[in-house]
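Structure, as C-alpha cells:
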Amino acid sequence: MDKVLFQYQEVAAVVAETRAQAEDALQLIEVDYEPLPVVVDPFKALEPDAPILREDREKKSNHIWHWESGDREETENVFRDAPVVVKQDVRFQRVHPSPLEPCGCVADYNTVTGRLTFYVTSQAPHVHRTVIAMLSGIPEHQIRVISPDIGGGFGNKVGVYPGYVIAIAASVKLGVPVKWIETRTENIASTSFARDFHMTCEIAAREDGKVLGLRVKTIADHGAFDAAANPTKFPAGLFNIVTGSYDFKAAFVEVDAVYTNKAPGGVAYRCSFRVTEAAYLIERTMDVLAQRLKIDPAELRFRNFIRKDQFPYKSPTGWVYDSGDYEKTLKLALERIGYDELRKEQAEKRARGEFMGIGISTFTEIVGGGPKNTFDILGIKMFDSAEIRIHPTGKVIARLGVRHQGQGHETTFAQIIAEELGLSADDVLIEEGDTDTAPYGLGTYASRSTPTAGAAAALCARRIREKARKIAAHLLEVGEDDVVWDGTAFSAKGLPGKSVTMKDVAFAAYTDVPEGVEPGLEATYYYDPPNLTFPHGAYIAVVDIDKGTGAVKVRRFLAVDDCGNVINPMIVEGQVHGGLTEGFAIAFMQDIPYDSNGNCLAPNWMDYLVPTALDTPHWETDRTVTPSPHHPIGAKGVGESPNVGSPAAFVNAVVDALSPLGVEHIDMPLYPWKIWEILREHGINE
Ligand code: CDP
C-alpha cells in the first residue's frame, strides 16, 4: 500500500554497519507525502461521509467488526421494567505499556546451515517461531528463537513488529547478523497501544440498589490496523467479564471496532485482553448508581455481590466463575482501612469545605487463557507446558513454555516443583525463552503463566512422582501399592523408619532401575486448563484534593487481593506494587492524545509520564485466600490484578471527594488542571 495511515508508520528501511551510518542514510531518503484527510475521532470515522482509510479492504467503511455478548432481548425486558436506570459515558484513554526497554532483535541467518537464530524481545517465543516459519518459508526446526531478559513486556512484546521482519529479511539477504532496536519515541508512537475504548454503560436497578440488568455499548478505536493481540474468538478480548462481581439477571454487551489514523494495536497491557476496561467500567458505574440512590458504595456492593454459595457462578455473558468470596475481601479491606472513621472524618472535612474522597473497587478478574475449545491464537490452542528432568544427584532442570519478563518464575516455579517432589527450591533450575530447549507454549501475558504453565509444572512433577514411586517400591522392597508419599519422602506401609527420598530415587533411576521400568527420571506435561481462574480484590483509595491547585494526594491505598493459594508472598506483593503504580499512572498522568492532523502528542517520556518514586503513593496490601477448585495447586493468576482493579478506586475516590458539587464522573487522566477547572466552575477557586 502506498498510503501512510499513521504518524511514525514505517515506510523504508536502511541496513548499515553502524547506527550513525544508518542515521545518515535515512537523511538521504526523501518521502514525498501528499496530505490526505485525517480521521482521529472514531465517531467521526463512522460517519457516512468519512474518508475511507483502508482502501485495500473490500468493505468500504472504517467499521472493522461488531461483536456482542449476552442476551439482548432479556436485557431489554429487564430495563423496560426497572424502576431505576443510570447511564454513564466512560472513556478509557489510549495508554501504552511503555516497558523500560523498547522492542528490538538480532536476526542471525547462517547461509551455510540455513539456520536462523533470532534473539528477540518476545513474550511468546514459540508462537513467534511458528509465525516466522509460516511467513518466511524457513523450516520451523531451522529457527531458534531466544527471548532473553527483555526489560519488561506488559503486553507490548506479544506482537510481531515490522522491525523484526525487516531484520530477518535483511539477515537472510546479506548473510550477516542484523540488529534492530527502537527508540523510546518509536516504541510509544508506533508499537501496540492499549485501551482506547469509548464506553456507554447502563445499569438497571431497584430503588434499594439491587442491580438487575447491564447494557454496554463500546466504540473501540483500533488505529490504522486491526492488530489487537487477542485470542481468535474474542475480538474484544474478555471484555464481557464486565458484569464483574455482581449478580445481574441479564446483560448485553456490544463492541464496534473502528479504524482511525493512529498507531495500531489494542494489546493486553497487564490485562487479560480488555479486562481492565471492563473492570474500570463496572466499578465506575456502580459508584454512579450508589451516588444517584444515595447509598454508601460499600453497602451497594454488599447488596449485589455474587454470594460465596453461588460458585461456580455462571455469568449472564457466559463465563463460569470458579470461586470467590467477595464479601470477605471487602469486609477485610473496610476494617483495615478504618472505613467508618474515614467517613466520619470526611463528613467533618466536608462541613469545613474541604475535599476528601474514598474510592472503592471490588473487581473480578479472569485469567489463565485458556481452555482449548475456546482459546487459540492463530489457531494454536492456548495450552501451556513444562518439562522436568531430574539428574542422578537429585538436581533438577525444568523448562516451561511461558517466558517471564521479571515476574520471578525462576523462584515460583522452582517452588512448585520442589514442593511436589520433596526437594529444595535451590535444587531446581528454571529455564524459559529458548525454543530449542523449552517445550511449546503460548507465552507470558494476561497473567496466564501460573494458571497454565504453573499447573503444567505441578502435574509434570506429579507424573515424575508416579514413576519415582515404582523405583521407591523397588528400593524399599515392597509392592508399589504399599508405598506412601508424605511430601518429603517415600516410606513403606507398616515398616516404620524405612524411607527413601526423591534424591535416593533419582540416583537409583540411573543406577539401580527395577525390571520393566525405563531408566531416567523426567517428564513433559501439556496442560489444557479446564477453565480460567477468577481472582478478585477489594481496593480502597483515600485522597485529599488541594483546592488551590486541583492536585490530588493519594493519602492511603489498600489493596486486598485474592489470587487463591499463594506460591510466594513476596513475589505477589511485588507484582501488586508494580501494577498499582501503573494503575496510578493511568488514573492521574497518562494519555496518548492526537491532534486533528494525526500528530501523536505524547511520543516520549517528557509528555507520556512515568511515575517516579516521589510521585508514587505508599501501597498497603493484604489478602484473602479462595483457592481455585480446578487448578492443581489452587492458585489463580495475580500479575495484572492491580492494574485492572486500581484505576476505578482512584477515580471513584476523586469523584467521591467532588460529589458535594454534583460531580458524577470525570474521565482519566485526572490531571490537576481538570480538577482545578471543575472546582473553578463551582466557584471554589475564583
Ligand atoms: O503470567 P505472569 O507471570 O505475568 O502472571 P502470574 O501467573 O499472575 O504470576 C506472576 C508471578 O506471581 C509469578 O512468579 C507467579 O508464580 C507468582 N504468583 C504466586 O506466587 N502465587 C499466585 N497465586 C499467583 C502468582
Side-chain angles (χ1 to χ4, degrees), residues 97 99 122-125 147 149-150 152-158 229 267-273 275-276 322-324 365-370 382-386 398 400-420 425 428 430 432-433 441-458 527 529 532-537 559-580 582 621 623-645:
S122 172
Q123 293 180 237
S147 178
D149 287 340
I150 59 173
F154 308 109
N156 184 231
K157 293 167 180 171
V158 175
V267 284
Y269 166 24
R270 205 164 185 162
C271 159
S272 210
F273 317 110
V275 173
T276 314
D322 59 347
S323 63
E365 263 265 73
I366 168 167
V367 303
M382 290 184 74
F383 55 81
D384 227 291
S385 60
L400 295 101
V402 288
R403 174 54 176 139
H404 75 93
Q405 311 98 40
Q407 293 93 324
H409 294 179
E410 294 101 334
T411 306
T412 49
F413 292 159
Q415 280 181 263
I416 294 176
I417 293 166
E419 174 90 11
E420 294 288 341
V428 184
I430 299 290
E432 295 177 349
L442 274 280
T444 290
Y445 41 84
S447 296
R448 66 183 296 278
S449 301
T450 307
T452 59
Y527 180 74
L532 293 110
T533 68
F534 295 74
H536 64 278
V560 179
D561 273 285
D562 192 323
C563 58
N565 288 331
V566 168
I567 302 153
N568 187 308
M570 192 176 78
I571 284 188
V572 168
E573 173 98 359
Q575 291 287 302
V576 173
H577 281 216
L580 291 179
E582 288 174 334
T621 59
R623 68 166 170 272
T624 54
V625 176
T626 316
S628 167
H630 63 79
H631 187 275
I633 59 165
K636 303 179 178 184
V638 75
E640 68 191 45
S641 290
N643 190 319
V644 168

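Heads up: numbering here begins at 1 and tracks the sequence. Each ligand, and each atom within it, is numbered from 1 in the order the structure gives.
Atom CZ of Phe413 is separated from atom CD1 of Ile567 by 6.5 Å, given to the nearest 0.5 angstrom. Rounding to the nearest 0.5 angstrom, the gap separating the CD atom in Glu640 from the OH atom in Tyr269 is 12.0 Å. To the nearest 0.5 Å, atom CD of residue Glu410 and atom CD1 of residue Ile571 are 8.5 Å apart. Between the CD1 atom in Ile633 and the CD atom in Glu420 there is a gap of 7.5 Å [rounded to 0.5 Å].
Residue Asn565 has at least one heavy-atom neighbour below 4.0 Å for each of these atoms of ligand 1: 22 (C), 23 (N). If you number the atoms of ligand 1 from 1 as listed, the ones under 4.0 Å from a heavy atom of Gly639 come out as 8 (O). Near Gly637, meaning under 4.0 Å from one of its heavy atoms, ligand 1 places the atoms 8 (O). With ligand atoms numbered from 1 in the order given, ligand 1 contributes 21 (N), 23 (N) to contacts under 4.0 Å with heavy atoms of Val566. Heavy-atom proximity to Val572, at under 4.0 Å, picks out these atoms of ligand 1: 18 (N), 19 (C), 20 (O), 21 (N). Under a 4.0 Å criterion applied to the non-hydrogen atoms of Gly408, ligand 1 contributes the atoms 14 (O).
Residue Cys563 places a heavy atom under 4.0 Å from ligand 1.
Looking at Asp561 and Lys636, no side-chain N of the basic residue comes within less than 4.0 Å of a carboxylate O on the acidic one, giving no salt bridge. By the 4.0 Å N-to-carboxylate-O rule, Asp562 lies too far from Arg623 to be salt-bridged with it.
In terms of N/O distances under 3.5 Å, ligand 1 is approached by Ile567. An N or O contact shorter than 3.5 Å is missing between Ala635 and ligand 1 by distance. Checked by distance only, ligand 1 and Val638 come closer than 3.5 Å through their nitrogen or oxygen atoms. At a 3.5 angstrom cut-off on N or O pairs, Tyr445 does not count as close to ligand 1.
In terms of protein heavy-atom proximity, atom 12 (O) of ligand 1 is nearest to Ile571 CG2, 3.6 Å. Atom 2 (P) of ligand 1 has its closest protein heavy atom at Ser449 OG, 3.6 Å. With hydrogens left out, the protein atom closest to atom 3 (O) of ligand 1 is His409 NE2, 2.7 Å, a heavy atom. Shortest contact from atom 24 (C) of ligand 1 to any protein heavy atom: Lys636 O, 3.1 Å. The closest protein non-hydrogen atom to atom 13 (C) of ligand 1 is Gln407 O, 3.4 Å. Taking atom 20 (O) of ligand 1 as the reference point, the nearest protein heavy-atom neighbour is Asn568 N, 3.0 Å. Taking atom 5 (O) of ligand 1 as the reference point, the nearest protein heavy-atom neighbour is Ser447 CA, 3.4 Å.
Counting only distance, with no hydrogens or angles, the side chain of Gln123 and the backbone of Arg403 share no donor-acceptor pair below 3.5 Å. Judged purely by atom type and a 3.5 angstrom limit, Thr533 has no side-chain atom pairing as donor or acceptor with the backbone of Ser628.
In this structure, Pro632 and Tyr527 have side chains that are in contact, with non-hydrogen atoms separated by less than 4.5 Å. With contacts defined as side-chain heavy-atom distances shorter than 4.5 Å, the pair Gln415/Thr412 qualifies.
Counting only N and O atoms by type, the side chains of His536 and Glu365 include no donor and acceptor under 3.5 Å apart. In this model, no donor atom of one side chain and acceptor atom of the other lie less than 3.5 Å apart for Ser323 and Thr626.
Here Arg448 has backbone heavy atoms under 4.0 Å from ligand 1, and that is the only part of it that gets that close. Counting heavy atoms closer than 4.0 Å to ligand 1, residue Thr450 contributes atoms from both its backbone and its side chain. Under 4.0 angstrom from ligand 1, the non-hydrogen atoms of Gln575 all belong to its side chain.
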| message | Using side-chain hydrogen bond (donor to acceptor under 3.5 Å, both in side chains), reason through Thr621 and Glu573 one step at a time and then give a plain yes or no. | response | CA-CA 7 Å; Thr621 59; Glu573 173 98 359; 2.7 Å; yes
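Taking only non-hydrogen atoms, the option from Val402, Asp384, Thr412, Thr533 nearest to atom 16 (O) of ligand 1 is Thr412.
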